Amino acid sequence: MTLMGSISHSISTFPPMGSSYGPHNLHSTCLQFSVPHKSRFIFNSTKNQTLPTTSIDLTDPDWKTKFYNDFESRFRLPHITDVFPNASSIPSTFCLKMRTPLHDHHHHATSSHYSSDQDWNGYINNNDRVLLKTIHYSSPTSAGAECIDPNCTWVEQWVHRAGPREKIFFKPEEVKAAIVTCGGLCPGLNDVIRQIVITLEIYGVKKIVGIPFGYRGFSDKELTDVPLSRRVVQNIHLSGGSLLGVSRGGPGVSDIVDRLEERGINMLFVLGGNGTHAGANAIHNECRKRQLKVSVIGVPKTIDNDILLMDKTFGFDTAVEEAQRAINSAYIEAHSAYHGIGVVKLMGRSSGFIAMQASLSSGQVDICLIPELPFNLHGPHGVLSHLKYLLETKGSAVVCVAEGAGQDLLQKTNVTDASGNIVFGDIGVYIQQETKKYFKEVGVHADVKYIDPTYMIRAVRANASDGILCTVLGQNAVHGAFAGYSGITVGLCNTHYAYFPIPEVISHPRLVDPNSRMWHRCLTSTGQPDFI
Ligand SMILES: Nc1ncnc2c1ncn2[C@@H]1O[C@H](COP(=O)(O)OP(=O)(O)OP(=O)(O)O)[C@@H](O)[C@H]1O
Ligand SMILES: O=P(O)(O)OC[C@H]1O[C@](O)(CO)[C@@H](O)[C@@H]1O
Ligand SMILES: [Mg+2]
């Protein structure tokens, strides 16, 4: 039996997809009925999972060893020595001890922990690992369970720990580093740029440039590189946006690598989302093909928080904080009006993390709609009839909808942006219009206020926790490059920092799991029923 076969076997013990579960009435308090069971399975394959690339026979007594081997090879970090087996390393020029001389009393304090003074430099061992999953689910029916086999046995999944290595594969004086920021804006871009520059300088790098306006800066003759140094970046984190500018679309990978070659760039730091990372991985592969000793390192940037396997991406917390201000305004408006309804549309193309977290943090949302869960607007179980119930019982209501939610209710636009992303129909405006229409039809007064904060939530500067996240990610990106890795990205994983091969974190967008505790908490907070 294959792994997938086993999984579908375990799934078949649950009620079949599409069947009707429990009360769909508006006031069910039982979470068991709040999430349609079918959604557990629709999203099973798109969860934050690390299923093997090839099917593994679970009847094989050795299947776990095979899983571990498969996992180890998938998460192995591409290294410069894969292409240049004779590439030599030198002792790291990044040394904490040199910069902070240990005084005698310190020395005594640390000497019990380290066998000799020589052993302590604060380096990461290449074999250090971070545990990817920390919960042992004892049953596939446990909330949020991500099981490899039907018995949910404990399978350890270890990824590589990020940080400075003792040996480095680039001589700082031979490095020409470039930084590029692509896609949409995200709070913290400047913090990451700043930290990359500062850390590169600590290693001894003198040649650092910024590529203007995303990948476009590699091809547009009008645009010139921005020289970067500690002095230039010192205060850039005090404002939002990107010092370098961003863009979508741009040149092909081959053109980008031509420019890297022409300019002698051998370290490229790429800040962006899934699209940008797909580009970064393609650049990495093209460099390998051309036998170029270039290190390409990604730093995931997305307010949507849709990168796999990471606790969160930088800018997300800040965006949520801003988003809940919009919700608060919608609540005040709705609450102060007779039969007021506040509708807030938030960003989130395929993932509803911003809408979910902002709903949770505000505590003022009655209905949270995300792309991961289909809903009806009309009909006895629809959003509108629940709104009517809320007006009758509470007097006002707040709806928070992610931009990618309910796209099946709208006319397809067939329009794409410069990067090929589909441009969505406006679900916020649609809900606003349909709500007005509905209440007119049923003869109930409703005062609908619509707020679309759009770019306001991502143009702000990073908050303190994102500022710290950016700092650590930026530093680790540089450590990864000097360690000789390429085609990797860096992320927060169970409160630790890890390196991942790029393809593993962008194989699909990370989605809100409708069977997760977090989504259940959101439902508990809003009190909303299913809208199906
Ligand atoms: N599959 C791909 N291969 C190579 N390059 C890509 C790919 N997808 C996107 N890109 C390039 O990456 C850049 C950014 O892509 P995109 O506009 O999709 O933003 P993103 O990185 O996904 O960030 P955001 O989260 O803001 O959407 C663009 O310049 C685009 O040309
Ligand atoms: O208008 P722009 O710049 O294309 O960006 C909009 C998109 O960027 C994001 O903020 C990040 O992917 C999405 O939530 C949103 O759809
Ligand atoms: Mg994207």
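Remember, it's 1-based here, ligands and their atoms both numbered in the order they're listed. Fair warning: this is a prediction, and the values are worked out from it, not measured in the lab.
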task = Name the orientation class of the two ring planes belonging to Phe169 and His79 (parallel below 30°, tilted from 30 to 60°, perpendicular beyond 60°).
result =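 Answer is perpendicular, since the angle exceeds 60°.
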ask   = Thinking salt bridges, do Lys176 and Asp225 make one under a 4.0 Å N-O criterion?
value =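 No, Lys176 and Asp225 are not salt-bridged.
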key: Pair Arg349 + Asp304, salt bridge at N-O below 4.0 Å   =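 Asp304 and Arg349: not salt-bridged.
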Residue and atom name of the nearest protein heavy atom (relative to [atom]), distance in Å to one decimal:
atom: atom 18 (O) of ligand 1; result: Asn421 ND2, 3.1 Å
atom: atom 21 (O) of ligand 1; result: Thr276 OG1, 2.3 Å
atom: atom 10 (N) of ligand 1; result: Gly275 O, 3.3 Å
atom: atom 17 (O) of ligand 1; result: Ser419 OG, 2.6 Å
atom: atom 4 (C) of ligand 1; result: Gly279 CA, 3.4 Å
atom: atom 1 (N) of ligand 1; result: Ala278 CB, 3.5 Å

Hey, is ligand 1 close enough to [X] that some N/O pair sits below 3.5 Å?
X: Ser247; value: no
X: Gly250; value: no
X: Gly184; value: yes
X: Arg248; value: yes

task = Considering the heavy atoms of Tyr215, write down every atom of ligand 1 situated less than 4.0 Å from one of them.
result =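 Atoms satisfying the 4.0 Å criterion: 11 (C), 12 (O), 13 (C), 29 (O).
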request  = Provide the number and element of each atom of ligand 1 under 4.0 Å from a heavy atom of Lys301.
outcome  =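 Listed by number with element: 23 (O), 24 (P), 25 (O), 26 (O).
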inquiry  = For the residue pair Gln195 / His237, report whether a side-chain donor-acceptor contact shorter than 3.5 Å exists.
reply    =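 Distance-only check fails for His237 and Gln195.
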Could you give the N/O to N/O pairs under 3.5 Å linking ligand 2 and the protein, each with its distance?
| residue | atom | partner | partner atom | Å |
| --- | --- | --- | --- | --- |
| ligand 2 | 1 (O) | Tyr455 | OH | 2.5 |
| ligand 2 | 3 (O) | Arg458 | NH2 | 2.8 |
| ligand 2 | 4 (O) | Arg248 | NE | 2.8 |
| ligand 2 | 4 (O) | Arg248 | NH2 | 3.3 |
| ligand 2 | 5 (O) | Arg248 | NH2 | 3.0 |
| ligand 2 | 5 (O) | Arg458 | NH1 | 2.9 |
| ligand 2 | 8 (O) | Arg248 | NH2 | 3.1 |
| ligand 2 | 8 (O) | Arg458 | NH1 | 3.0 |
| ligand 2 | 10 (O) | Arg458 | NH1 | 3.1 |
| ligand 2 | 12 (O) | Asp304 | OD2 | 3.4 |
| ligand 2 | 14 (O) | Asp304 | OD1 | 2.8 |
| ligand 2 | 14 (O) | Asp304 | OD2 | 3.1 |
| ligand 2 | 14 (O) | Gly348 | N | 3.3 |
| ligand 2 | 14 (O) | Glu403 | OE2 | 2.9 |
| ligand 2 | 16 (O) | Glu403 | OE1 | 3.3 |
| ligand 2 | 16 (O) | Glu403 | OE2 | 2.6 |

task = Compare every heavy atom of Ala330 with every heavy atom of Val344, then report the nearest pair and how far apart it is.
result =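 Taking every non-hydrogen atom into account, CG2-CB, 3.4 Å.
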Over 12 non-hydrogen atoms of neighbours within 6.0 angstrom of CG in Leu410 =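 Buried by this count: over 12 neighbours within 6.0 Å.
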task = Counting heavy atoms only, name the option from Gly249, Gly183, Ala282 that's nearest to atom 29 (O) of ligand 1.
result =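 When every heavy atom of Gly249, Gly183, Ala282 is considered, Gly249 comes closest to atom 29 (O) of ligand 1.
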ask   = Who passes side-chain contact (heavy atoms from CB on, under 4.5 Å) against Asp220, sequence neighbours left out?
value =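 If we apply the side-chain contact (heavy atoms from CB on, under 4.5 Å) test to Asp220, skipping adjacent residues, the hits are Arg216, Glu222, Leu223.
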ask   = Does any pair with a residue in residues 248-259 pass salt bridge (charged side-chain N to carboxylate O under 4.0 Å, His left out), and if so which ones, sequence neighbours excluded?
value =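 Non-adjacent pairs meeting salt bridge (charged side-chain N to carboxylate O under 4.0 Å, His left out): Arg248-Asp417, Asp258-Arg290, Arg259-Glu262.
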ask   = What residue pairs, at least two apart or across chains, pass salt bridge (charged side-chain N to carboxylate O under 4.0 Å, His left out) with a residue in residues 293-303?
value =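 Qualifying pairs: none.
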key: Between Tyr485 and His160, ring centroids under 6.0 Å   =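 Not under 6.0 Å, so no.
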